[in-house]
Amino acid sequence: MAMQTKTIKAKMKSVQNIGKITKAMEMISVSKMKKSVAKRAASDVFAQRSFELLENLHVHKNLTHPYLETRKGNKALIVIIASNKGLCGGYNMNVSKQVSTFVKENPELTIDAIVVGKQAERIAHRNNINVISSFTEFSDYYTAGEVRSLLHAITDTYSGNENYQQVVVAYTQFISSLSFNAMVTPLMPLNVEETARTLGTESSGDAQKFALYTFEPNEQEVLDKVVPSVLMTTLYQLLLESLASEHSSRVMAMRNASDNAGEMLEELRLNYNRARQAAITQEIAEIVGGSAAMN
Amino acid sequence: MSAKKLHLTITTPLRTVYENDVDQLTVTTSAGELTVLPDHVPLVVPLMIGQAMVKNDKKEIYHAIDGGILEVRHNNEVVILSDRSENATEIDIERAETALERAKESMENAKDNVEIDYQVLERNIARELNRVKIAQKGQRK
């Protein structure tokens, strides 16, 4: 009997420790999520301004750029953004489902992938997608250089092969800390309405606003600079939204784990008390039995 | 003092680097240096790797600009959209110098290699050189 109380005690200790770890992970993820959301918000000014320029030059002045034109072809490039680490609930699974759906819905396309995150690599393998390049060493909140190297990988692939009809991104849209939504969104060719939706920018809708502007040396050259900038912020925001979703998904998973650890601890405590009581009762019974036999 | 000021914002895809009311701004465009004073005509112009010098109450503040776009709006609002920008005081000179050395070294190493994209290497050198120069300006203050 003494043996049983001991094993229960050991079990309680380990459950308690797990609870402490999950609690700590939850708190770390809360702060990381807040930071990702703040970083995303910090890039809004740039997104809004560069988008306005793009809209003005492309929609109102009818200028174009190779990245803006639709293409014919039988290939598609998918950029999969998922996490490096696990323990974040259904986050990676949801991205994976979206990728599978995309593959199923486009049987006529040969799909290649560029992946961000170790889990994304697995998603690509699971769906039998050929991985062109893989970025798994990115730092916590993505530096400008890292985003740029990813963007270069994408644009080089896209402009290097005429057969790429489009580039899409599988990411997780961050709605609030409780709700996020994995989805596949087009990145290239750049579509003004789609971009506005992804960036959350508002279309100025005012053609007159830019009418008085002087463009130097000419409008086309400005557009050539604006297009990569817009792509860059779009990509950065998609990455950060995915990051925020990953962390808040982890917060939820860890909160559940902590709650479960608490419940389990309660149950174990009850069992422990019962076992201890049983041991005492038995001991008394033994003593009483023993003294009765002596008499 | 003249009441009119420019409202300047220097922003990158990652964050807004600088936002303030200033007296004047000098930048390097593809066609040469350009100084913007209040009531400037609305203008959009691409920027080269170079500096943005901001003058405010006789004080000069330098920023390293790694290319981008300058937008001047009619209501004295000025925005610099740059791929990368830093305030002169934020640049760590030693690190910038090592980065410059590294860029030069990879250019040396690339001499016998035909495959390498010289433009990229040259751009790297120009960018790091620019940062070192501007960091030194920031330190003199």
Side-chain angles (χ1 to χ4, degrees), chain A residues 35 38-54 56-57 61 139 141-152 156 199 204 208-240, chain B residues 7-20 27-34 36 39-49 64-86 90 95 99 102-103 117 119-120 123-124 127-128 131:
Chain A
K35 203 168 167 195
K39 289 228 168 200
R40 188 199 175 286
S43 74
D44 270 349
V45 180
F46 189 93
Q48 176 72 38
R49 294 305 172 104
S50 48
F51 175 75
E52 275 174 21
L53 275 175
L54 171 76
N56 171 56
L57 289 165
K61 298 224 159 111
S139 55
Y141 299 100
Y142 308 114
T143 64
E146 285 163 356
V147 182
R148 201 165 297 137
S149 61
L150 174 63
L151 182 63
H152 277 177
D156 284 353
L199 291 179
S204 63
Q208 291 303 308
K209 206 164 136 195
F210 280 89
L212 301 166
Y213 276 47
T214 320
F215 286 90
E216 275 181 40
N218 58 52
E219 291 164 354
Q220 185 64 48
E221 220 160 291
V222 175
L223 183 67
D224 290 348
K225 282 229 161 198
V226 169
V227 171
S229 296
V230 171
L231 279 177
M232 169 107 178
T233 47
T234 312
L235 199 60
Y236 183 64
Q237 299 216 342
L238 294 180
L239 283 169
L240 279 183
Chain B
H7 186 76
L8 172 71
T9 314
I10 302 179
T11 179
T12 70
L14 268 60
R15 66 195 175 111
T16 299
V17 182
Y18 183 81
E19 187 166 10
N20 205 359
V27 289
T28 327
T29 73
S30 41
E33 284 220 331
L34 173 79
V36 182
D39 284 335
H40 196 282
V41 71
L43 173 79
V44 177
V45 60
L47 299 177
M48 306 291 283
I49 293 176
I65 302 278
D66 181 12
I69 297 162
L70 170 77
E71 187 190 340
V72 185
R73 300 195 162 188
H74 57 85
N75 50 2
N76 277 329
E77 242 183 87
V78 182
V79 187
I80 295 177
L81 301 171
S82 169
D83 295 341
R84 177 173 156 191
S85 168
E86 284 156 300
E90 282 173 11
R95 284 185 61 186
R102 225 178 16 240
D117 194 344
Q119 266 185 327
V120 172
R123 214 183 123 79
N124 275 345
R127 178 191 297 147
E128 296 306 339
R131 291 183 68 215

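Residue numbers begin at 1 in each chain, while the letters A, B, ... track the order of the sequences.
Proximity to chain B (any heavy atom under 4.5 Å) is restricted, for A/Ser229, to the side chain, taken from C-beta onward. Neither the backbone nor the side chain of B/Glu19 comes within less than 4.5 Å of any heavy atom in chain A. Heavy-atom distances place both the backbone and the side chain of A/Lys225 under 4.5 Å from chain B. Heavy-atom distances place the backbone of A/Tyr142, and not its side chain, under 4.5 Å from chain B. Residue A/Arg148 touches chain B through its side chain alone, counting heavy-atom pairs closer than 4.5 Å. Heavy atoms closer than 4.5 Å to chain A are found in the backbone of B/Leu47, but not in its side chain.
A 4.5 Å side-chain heavy-atom check between A/Lys39 and A/Tyr236 finds at least one atom pair inside the cut-off.
Of the options B/Ile80, B/Ile65, B/Ile10, a side chain to side chain contact (heavy atoms under 4.5 Å, CB included) to B/Leu70 is made by B/Ile80 and by none of the others.
Per-residue heavy-atom pair counts under 4.5 Å with chain A were compared for B/Gly68, B/Ala31, B/Ser30, B/Gly67, and the maximum is reached by B/Gly68. Taking chain B as the reference chain and counting heavy-atom pairs below 4.5 Å, the highest number among A/Asn218, A/Val147, A/Val222, A/Leu235 is found for A/Val222.
Looking only at atom types and distance, the side chain of A/Asp224 has a donor-acceptor partner in the side chain of A/Gln220 under 3.5 Å away.
In plain terms, the two heavy atoms of A/Leu53 and A/Phe215 that are nearest each other are CD2-CE2, 4.5 Å.
Remark: B/Asp66 pairs with B/Arg123, B/Arg127 by the salt bridge (charged side-chain N to carboxylate O under 4.0 Å, His left out) rule, at least two apart or across chains. Applying the side-chain contact (heavy atoms from CB on, under 4.5 Å) rule to B/Thr12 yields the partners B/Leu14, B/Arg15, B/Val17, B/Ser85; only residues at least two apart in sequence or on another chain are considered.
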